[in-house]
Amino acid sequence: MQHHPRKEHSSEETYTAHMRIDPHTHSSFSDGTDTPTELLSKARDAGLDVIGLTDHDTVAGWEEAERAVATSGVSLLRGMEISCAWQGISMHLLSYLHDPAYLPLSDACLRARETRVTRAQEMVALLAVDFPITYEEVVQQAGGAVTIGRPHIADALVAKGCFPDRSAAFAGPLHNGSPYYVRHWALDPVDAVALVRAAGGVPVVAHPRASKRQKKLIPDEVFGQMKDVGLAGVEVDHRDHGPEQREQAAEIAQRYDLMMSGASDYHGAGKPNLLGENLMPEAMLETILEEGALPLVTP
Ligand code: AMP
Ligand code: FE
Ligand code: FE
Ligand code: ZN
């Protein structure tokens with residue numbers, strides 16, 4: 001691995017040429033296992049200069065993360081990962097630096113979180129036929145999470161000894177193609193991009209070619225429609241993209257003039273993904289800071 005020196009103080013430049021930016025991670029406010037405070041301290045240990053906190057459908061972790069900036073010395077890029085669906089195909093849209101008080105967007109996220117609860121209850125009802133699991137156990141596993149997801153159902157199954165870890169539960173009954181799978185309401189991706197821009201945010205598509213997760217993929221044209229209403233970038237370097245998928249994602253970026261990002265999508269102990277395993281180019285962060293409604297939170 002290449003060695004990246006830490007940021008040095010310079011009176012003329014805000015950043016050095018070697019900023020390490022991991023712009024897509026999750027905390028225990030959604031399906032990560034680290035609190036925002038733990039996340040920022042691990043980001044410092046991983047030698048990151050900037051970390052993006054992008055919990056699913058919520059900004060509830062921002063406040064704690066902001067408080068952890070000074071002690072960790074790591075800058076915070078405030079974000080969120082919005083659940084979207086196009087003709088039943090699930091898709092994730094990252095929003096950076098949007099105004100969290102913009103109601104049309106926060107209402108859509110609330111609706112997604114609420115239907116995630118009923119959806120988890122429905123999935124547990126189906127699973128309970130074959131697995132020893134109750135919804136109360138899922139809630140217990142979710143702890144302080146504001147956004148409930150399949151990872152919390154996985155944790156309940158793991159606690160019961162049905163599977164060794166989340167990944168095994170996802171390879172089995174929690175997979176998108178499983179008979180136990182139930183959808184929740186999610187925004188249309190083109191509407192989501194428009195809402196993010198209206199909220200002053202900068203929209204970036206997460207892992208668009210992560211084909212392990214579901215058989216059907218979003219057609220390229222949809223990214224063109226998203227670009228027409230303000231899509232800024234697309235994740236290329238991501239663990240769920242093999243070399244072929246990275247090439248496809250890069251082609252989408254070139255075709256629709258989108259910035260190319262990379263990220264770990266770290267979920268703590270919930271996934272093997274390691275902080276800093278993929279990074280966002282510094283020039284992309286600069287554009288996000290120019291276009292976003294909020295500043296970077298710096299130590
Ligand atoms: P949901 O949003 O409830 O449909 O659940 C999807 C979430 O599950 C994603 O955000 C991932 O973080 C997580 N996930 C998907 N596949 C896996 C896996 N193989 N192992 C662990 N977590 C996974
Ligand atoms: Fe997740
Ligand atoms: Fe995602
Ligand atoms: Zn994610």
Side-chain angles (χ1 to χ4, degrees), residues 22-34 39 52-58 61 79-85 88-96 109 111-124 126-127 135 138-139 141-142 145-158 163-178 180-187 189 192 203-215 217-218 234-241 245 249 261-274 278:
D22 186 345
H24 175 178
T25 71
H26 297 264
S27 78
S28 49
F29 279 88
S30 66
D31 57 358
T33 59
D34 292 333
L39 187 64
L53 175 62
T54 52
D55 277 312
H56 298 283
D57 303 316
T58 184
M80 175 166 78
E81 186 171 17
I82 303 168
S83 305
C84 300
I89 307 172
S90 139
M91 176 186 211
H92 288 170
L93 183 73
L94 298 161
S95 172
Y96 291 113
C109 291
R111 185 171 171 198
R113 294 200 305 272
E114 285 173 349
T115 62
R116 279 171 161 284
V117 170
T118 46
R119 172 269 200 143
Q121 289 166 340
E122 285 167 34
M123 282 188 72
V124 169
L126 293 172
L127 287 160
Y135 187 67
V138 174
V139 171
Q141 289 296 329
V146 170
T147 306
I148 300 289
R150 279 180 287 164
H152 305 116
I153 304 178
D155 291 344
L157 291 169
V158 171
F163 296 95
D165 54 27
R166 279 186 182 180
S167 299
F170 268 91
L174 299 184
H175 194 266
N176 286 46
S178 148
Y180 305 100
Y181 180 78
V182 178
R183 285 179 201 163
H184 61 78
W185 178 84
L187 273 167
V204 175
V205 172
H207 46 72
R209 286 292 172 257
S211 49
K212 259 189 307 179
R213 300 184 185 210
Q214 54 193 353
K215 280 209 194 92
L217 291 171
I218 306 280
V234 63
E235 272 183 355
V236 174
D237 293 333
H238 186 286
R239 178 180 284 250
D240 292 358
H241 285 169
Q245 284 88 24
S261 188
S264 69
D265 203 356
Y266 174 82
H267 281 67
K271 276 186 172 182
N273 308 31
L274 300 172
N278 291 298

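Whatever order the structure lists them in is the order used to number ligands and atoms, beginning at 1.
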Parallel, tilted or perpendicular, judged at 30° and 60°: which one describes the rings of His207 and His238?
perpendicular
Heteroatom N/O/S of Glu81 within less than 2.8 Å of the Fe ion (ligand 3):
yes
Could you tell me the separation between the NZ atom of Lys271 and the OG1 atom of Thr33, rounded to the nearest 0.5 Å?
12.0 Å
Could you give the distance from CG (Leu94) to CG (Asp265), rounded to the nearest 0.5 Å?
8.0 Å
Select one of side chain, backbone, both or neither to describe which atoms of Ser167 lie under 4.0 Å from any atom of ligand 1, heavy atoms only.
both
How far does CZ of Arg183 sit from OG of Ser90, to the nearest 0.5 angstrom?
10.0 Å
So does His207 have any N/O/S atom less than 2.8 Å away from the Fe ion (ligand 3)?
yes
Here the atoms of ligand 1 under 4.0 Å from any heavy atom belonging to Gly270 are 21 (C)
Distance, nearest 0.5 Å, that separates NE2 of His92 from OG of Ser83
5.0 Å
Contacting atoms of ligand 1, where contact means under 4.0 angstrom from a heavy atom of Arg119
1 (P), 3 (O), 4 (O)
Backbone or side-chain N/O/S of His24 under 2.8 Å of the Fe ion (ligand 3):
no
Under-4.0 Å heavy-atom contact with ligand 1, by part of Arg183 that carries it
neither
Between Tyr266 and Asp34, is a side chain to side chain contact (heavy atoms under 4.5 Å, CB included) present by the stated rule, with each step listed?
CA-CA 10 Å; Tyr266 174 82; Asp34 292 333; 2.5 Å; yes
Nearest to the Fe ion (ligand 3), which N, O or S atom of His92 do we find?
ND1
Which segment of Arg116 sits under 4.0 Å of ligand 1 when only heavy atoms are counted
side chain
Criterion side chain to side chain contact (heavy atoms under 4.5 Å, CB included) on Asp31 and His152, from CA distance to verdict:
CA-CA 7 Å; Asp31 57 358; His152 305 116; 4.2 Å; yes
Report yes or no: does a heavy atom of Glu81 sit under 4.0 Å from some atom of ligand 1?
no
Is ligand 1 under 4.0 Å from a heavy atom in the side chain of Asp31, in the backbone, in both, or in neither?
side chain
Would you name the N/O/S atom of Asp31 that lies closest to the Fe ion (ligand 2)?
OD2
The Fe ion (ligand 2) to His267: any N/O/S contact under 2.8 Å?
yes
Can you tell me how far CG of Asn176 sits from CZ of Arg150, rounded to the nearest 0.5 angstrom?
4.5 Å
With no hydrogens and no angle check, do the side chains of His26 and Glu81 hold a donor and an acceptor under 3.5 Å apart?
yes
So if I count the atoms of ligand 1 from 1 in the order they appear, which ones are less than 4.0 Å from some heavy atom of Gly149?
3 (O)
Can you confirm, on distance only, whether ligand 1 has an N/O atom lying under 3.5 Å from any N/O atom belonging to His92?
no
Have Ser264 and Asn273 got a donor and an acceptor in their side chains that come within less than 3.5 Å?
no
For the OG1 atom of Thr25 and the CG atom of Asp55, what is their distance to the nearest 0.5 Å?
7.5 Å
Is Tyr181 in polar range of ligand 1, meaning some N or O pair under 3.5 Å apart?
no
Under 4.0 Å, heavy atoms only, figure out whether ligand 1 is touched by the backbone of His267, its side chain, both or neither.
side chain
Could you work out, for atom 4 (O) of ligand 1, the closest of His175, Arg150, Met123 by heavy-atom distance?
Arg150
